[in-house]
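Written below as C-alpha cells is the structure these notes are about.
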Amino acid sequence: MPELPEVETTRRGLAPRMTGRRIAAVIVREPRLRQRVPRRLAEQATGATIRSVDRRAKYLLIATDRGTLIVHLGMSGRLWIVDRHTPPAAHDHFDLVLDDGTVIRLRDPRRFGLVLWQTGDALAHPLLARIGPEPLSLAFGGSALHAATRHRSAAIKLVLMDGHVVAGVGNIYANEALFRAGIRPTTPARRISRARCDRLAEKVREVLAEAIAAGGSSLRDYVGSDGEAGFFQDRFMVYGRAGEPCLRCATTIRELRQGQRATFWCPRCQR
DNA sequence: CTTTTGACCTGACAGC
DNA sequence: TGCTGTCAGGTCAAAA
C-alpha cells in the first residue's frame, strides 16, 4: 500500500496525537510479520513516554524515553487511530494504547510490515543503517544521484527504487518521476548525464512533495491515519494507465516488467 | 562489489 | 458459484 508520501501522511496524522503521551499498553495479536514482533515488546515499551514520531525512508520511528518503536507498513499495512471501543477486525495485528485512551492500530493483511523495538540510536538498526539519503533532504540531488549511478548498468528505474541509492522511492513514484523527467525507465543508470540526473532528482523531489501535499495516494483501501483518503492518484500521468493516451502528447502509454514490477511509460515523452 | 531471482502473505479480480 | 491464475503500494537473502 504505502509509499513514502503515504507513510509521511500517516506520520503527520499520528504525531500530534502521540507526542508527549505515555504508552499504557501494547497488544500483539499476530506476531508473525516480516520479522517476528519482539517477544518482550510489551514489557519494554509499556510505560514509556513518546518523544516524537519521525520517518526514515518508509519506516516510522516512534521515539520514546526508553527506546524506539520501528514500524514499517510493507505492501498492505496501515496505521491509524481508532476509538478504544472499536473491536479488532481481521488482520488487526497490533495496537498501541496510549494513556489518554487513544488506540493506534496496525492492520496489515499481507504481513509484509514490521514492528520492532530498538534501544539506543534507532538509525543504527541494521535495516536502517545503510539506507540512502532522504529524497527531500539536501543530501539528495543530481550530484548524489550522478555519483551513485556511475557504476550501475542496471535500468535507471530499478536503481531509483534501490533504497541504498535514495530512500523511499517506490514503484508508483519511480514511474511518475521518470515520466516528468522525460527519461526512459530502461536506460542504463550509468548512461544518464549529469544534467539529466539533476532533472531526475528534481522530479523525484517534486512528485513526492506534491503527493505529500495531496495527502498521499489512495489505491484500493488506503486511507490516512484519520481515515481520510489522499487524492494524488488522480494526478498519475503514467502509473496504471497502460493503453490510455499520454496526458501530454496522446501517445499510447506502454507497460513492461522490470524486476517483477510494472513499469509504465510514454514512448514519445520519455527517451 | 552488482545483478537477478525467488521468497514472504493475503485479497481482489478476470476468465473459464 | 467456484475454481485457477495473475497481480498488488516492499524489501531482503541467496545465487550467479
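Letters A, B, ... mirror the listed sequences (proteins, then strands); counts begin at 1. Keep in mind the model is a prediction, meaning the values are calculated, not measured.
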Please give, in whole Å, the distance from B/dC9 C1' to A/L73 CG?
16 Å
Enumerate, in order of first residue number, the stems that involve DNA chain C, defined as 3 or more consecutive Watson-Crick or G-U wobble pairs with both distances under 3.5 Å.
B:2-8 with C:10-16, B:10-16 with C:2-8
Evaluate whether atom CZ of A/R191 has more than 12 neighbouring non-hydrogen atoms of other residues, nucleotides or ligands under 6.0 angstrom away.
no
To the nearest Å, how far apart are A/L158 CG and B/dT4 C1'?
10 Å
A/I172, A/I212: one ILVMFWY side-chain cluster at the under-4.5 Å cut-off?
yes
Calculate the interatomic distance between A/L4 atom CG and C/dG10 atom P; express it in whole Å.
10 Å
Nucleotide by nucleotide, 5' to 3', does protein get under 4.0 Å of the base (B), only the sugar-phosphate (S), or neither (-) in nucleotides 11-16 of chain C, counting heavy atoms?
BS----
For A/R29, look at atom CZ and say whether over 12 heavy atoms of other residues, nucleotides or ligands are found less than 6.0 Å away.
yes
The side chain of A/H151 lies closest to which of these nucleotides: C/dA8, B/dT2, B/dG11?
B/dT2
List the atom of A/A177, the atom of A/K203, and the distance in Å for their closest heavy-atom pair.
O-CB, 3.8 Å
In whole angstroms, the gap separating P of B/dC8 from CG of A/L33 amounts to 16 Å
In terms of hydrophobic clustering (I, L, V, M, F, W, Y; side-chain heavy atoms under 4.5 Å; direct or indirect links), are A/L208 and A/Y239 co-clustered?
yes
In A/I192, A/V169, A/L145, A/V165, the residue satisfying side chain to side chain contact (heavy atoms under 4.5 Å, CB included) with A/V159 is A/V165
Rounding to a whole Å, what distance do you find between A/K157:NZ and B/dT3:P?
16 Å
Could you state the atom-to-atom distance from CZ of A/R78 to C1' of B/dT10 in whole Å?
15 Å
Report yes or no: does A/R180 contribute a side-chain atom to a donor-acceptor pair with the main-chain N or O of A/E202 at less than 3.5 Å?
no
Can you tell which of A/T64, A/D99, A/T102 makes a side chain to side chain donor-acceptor pair (under 3.5 Å) with A/R21?
A/D99
Any side-chain N or O of A/R111 below 4.0 angstrom from OP1/OP2 of B/dG11?
no
Would you say a side-chain N or O of A/R152 is under 4.0 Å from OP1 or OP2 of B/dT3?
yes
Has A/Q270 got a side-chain atom pairing as donor or acceptor with A/C266's backbone, closer than 3.5 angstrom?
yes
Please measure how far the P atom in B/dG6 lies from the corresponding atom in C/dT6, and state the result in whole Å.
14 Å
Base, sugar-phosphate alone, or nothing: which one does A/R257 contact when heavy atoms must sit under 4.0 Å apart?
sugar-phosphate
Using atom CZ of A/R56 as one end and atom C1' of C/dG10 as the other, report the distance to the nearest whole Å.
16 Å
Taking for each residue the nucleotide of DNA chain B bearing the nearest heavy atom, is the 5' side occupied by A/A154 or by A/F112?
A/A154
Between OH of A/Y239 and P of C/dG10 the distance, given in whole Å, is 8 Å
A/S153 side-chain proximity, nearest of B/dT3, C/dG10, B/dG11:
B/dT3
Counting heavy atoms not belonging to A/R184, are there more than 12 under 6.0 Å from its CZ?
yes
Does A/S76 put a side-chain nitrogen or oxygen below 4.0 Å from OP1 or OP2 of B/dC9?
no
